[in-house]
Number of protein chains: 2
Amino acid sequence: MSKQTLPISDVPAPGPRASEACCSPLTREPLGEDRAVELARVFKAMGDPVRLRLLSMIASHHGGEACVCELTGVFDLSGPTISHHLKVLREAGLITGERRGTWVYYRAVPQRLGEVADLLDLAPAT
Amino acid sequence: MSKQTLPISDVPAPGPRASEACCSPLTREPLGEDRAVELARVFKAMGDPVRLRLLSMIASHHGGEACVCELTGVFDLSGPTISHHLKVLREAGLITGERRGTWVYYRAVPQRLGEVADLLDLAPAT
DNA sequence: TTTCTAGGTTGACAGCCGTCGAATCAGGGT
DNA sequence: ACCCTGATTCGACGGCTGTCAACCTAGAAA
């Protein structure tokens, strides 16, 4: 490991297997234990209102990326707290951060969203 | 309120608004605070490996429903713990339970899954 | 170098969450 | 009536999580 100059690049599993039509949805067959652990981490990251809003603000932001300085003011929360939530989203592979000069910009990782969306595809097992 | 003979019907918000093309996806515009709280509750429910597997086992089960007795044996967890997780999924509106004789059967609520899937639809804001 | 600002890290604290054993409830068979 | 089994609820415990204040780092501009 070791800490680099930019500790903002700690994505755990960039794109497990979401490249193409992949993961059988939740409703097709029981989830394996390992895969459940992996997916639960992503859902848990989205399981907080602040993080969900942060993710949405970043994903919907004009240009596809948002500066942290634009995010902190929106919440009644301290800087460290926002930073913490961004880290959780980062470690879940939902966003990536890049430093440009003084500011840090985050952008969403569409693959992750797509992976989760695929998982929830409805195949009604009547 | 009051407790009926079958306390297994405590769905909080059966189908908020997932009937038709509805909720603007995460990537379209920033999530409102109230909606974020509501959605976070669902994601949080799915943010545990055991619950995710339970949900998957129920949703994918032959006949669309699964008996609790078929679920408890799969995990190295006590009955009360499984029951607790089922309650969380129930209160998130992801599953519903029905007692038939001695056994209790659970089935998934497709609307909820659909609601979440819609939310994650990708509208890449390049 | 020094100073300033934007973010991140650390350490600590309260509250929540997953887990269990024991007790309780609901039905079906004796 | 009694007991047995399936499932939930209750009470408690340890670990995790969201939050903050304080401190530290990265880069830009004097």
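Salt-bridge annotation for A:Arg53 and B:Glu29: absent, with no side-chain N of the basic residue lying under 4.0 Å from a carboxylate O of the acidic one. Contact check on A:Arg35 versus A:Glu33 returns no salt bridge, with no Lys/Arg side-chain nitrogen under 4.0 Å from an Asp/Glu carboxylate oxygen.
A cation-pi geometry, defined here as NZ or CZ lying under 6.0 Å from the six-membered ring centre and within 45° of its normal, does not hold between B:Arg99 and B:Tyr105.
Applying the 4.0 Å criterion to OP1 and OP2 of D:dT17, one finds that A:Lys44 has a side-chain N or O inside that range. Close to C:dA6, at under 4.0 Å from its OP1 or OP2, lies no side-chain N or O of A:Tyr106.
Atom C1' of nucleotide C:dG7 and atom CD of A:Glu70 are separated by 14 Å, given to the nearest angstrom. In this entry the distance linking CZ of B:Arg100 with P of D:dG6 reads 17 Å, nearest Å. Going from atom CD1 of B:Ile58 over to atom P of D:dA7 covers 12 Å, rounded to whole Å. A:Leu86 has its CG atom 16 Å from the P atom of C:dA6, to the nearest Å. Atom C1' of nucleotide D:dT17 and atom CD of A:Glu91 are separated by 13 Å, given to the nearest angstrom. The interatomic distance linking B:Leu71 (CG) with D:dG6 (P) rounds to 14 Å, in whole Å.
Transitive grouping of hydrophobic side chains (ILVMFWY, heavy atoms separated by less than 4.5 Å) brings B:Leu55 and B:Val116 into a common cluster.
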N/O contacts under 3.5 Å, protein versus nucleotides 13-15 of chain C?
none

N/O contacts under 3.5 Å, protein versus nucleotides 19-23 of chain D?
| unit_1 | atom_1 | unit_2 | atom_2 | d |
| --- | --- | --- | --- | --- |
| D:dT19 | OP2 | A:His85 | NE2 | 2.4 |
| D:dC20 | OP2 | A:Ser78 | N | 2.8 |
| D:dC20 | OP2 | A:Ser78 | OG | 2.9 |
| D:dC20 | OP2 | A:Thr81 | OG1 | 2.8 |

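Considering only heavy atoms from C-beta on, B:Leu94 stays 4.5 Å or farther from B:Val109 through its side chain.
Sequence order on DNA chain D of the closest nucleotides to A:Gly101 and A:Gly47 puts A:Gly47 first from the 5' end.
Of the possible polar contacts, none joining the A:Arg51 side chain to the A:Met46 backbone as a donor-acceptor pair under 3.5 Å is found. A distance-only check finds no donor-acceptor pair linking the side chain of A:Ser56 to the backbone of B:Thr27 [under 3.5 Å]. The main-chain N or O of B:Cys67 is found under 3.5 Å from a side-chain atom of B:Glu70 such that the two form a donor-acceptor pair.
For A:Trp103, the listed nucleotide lying nearest its side chain is C:dA6; candidates were C:dA6, D:dT8, D:dT5. Taking only side-chain atoms of B:Thr102, from C-beta outward, the nucleotide of D:dA28, D:dG6, D:dT9 with the closest atom is D:dG6.
Looking at B:Tyr106 and B:Arg90, their side chains do bring a donor and an acceptor atom within 3.5 Å of each other.
Within the 4.0 angstrom heavy-atom criterion, only backbone atoms of the sugar-phosphate kind lie near B:Arg51; the bases stay farther away.
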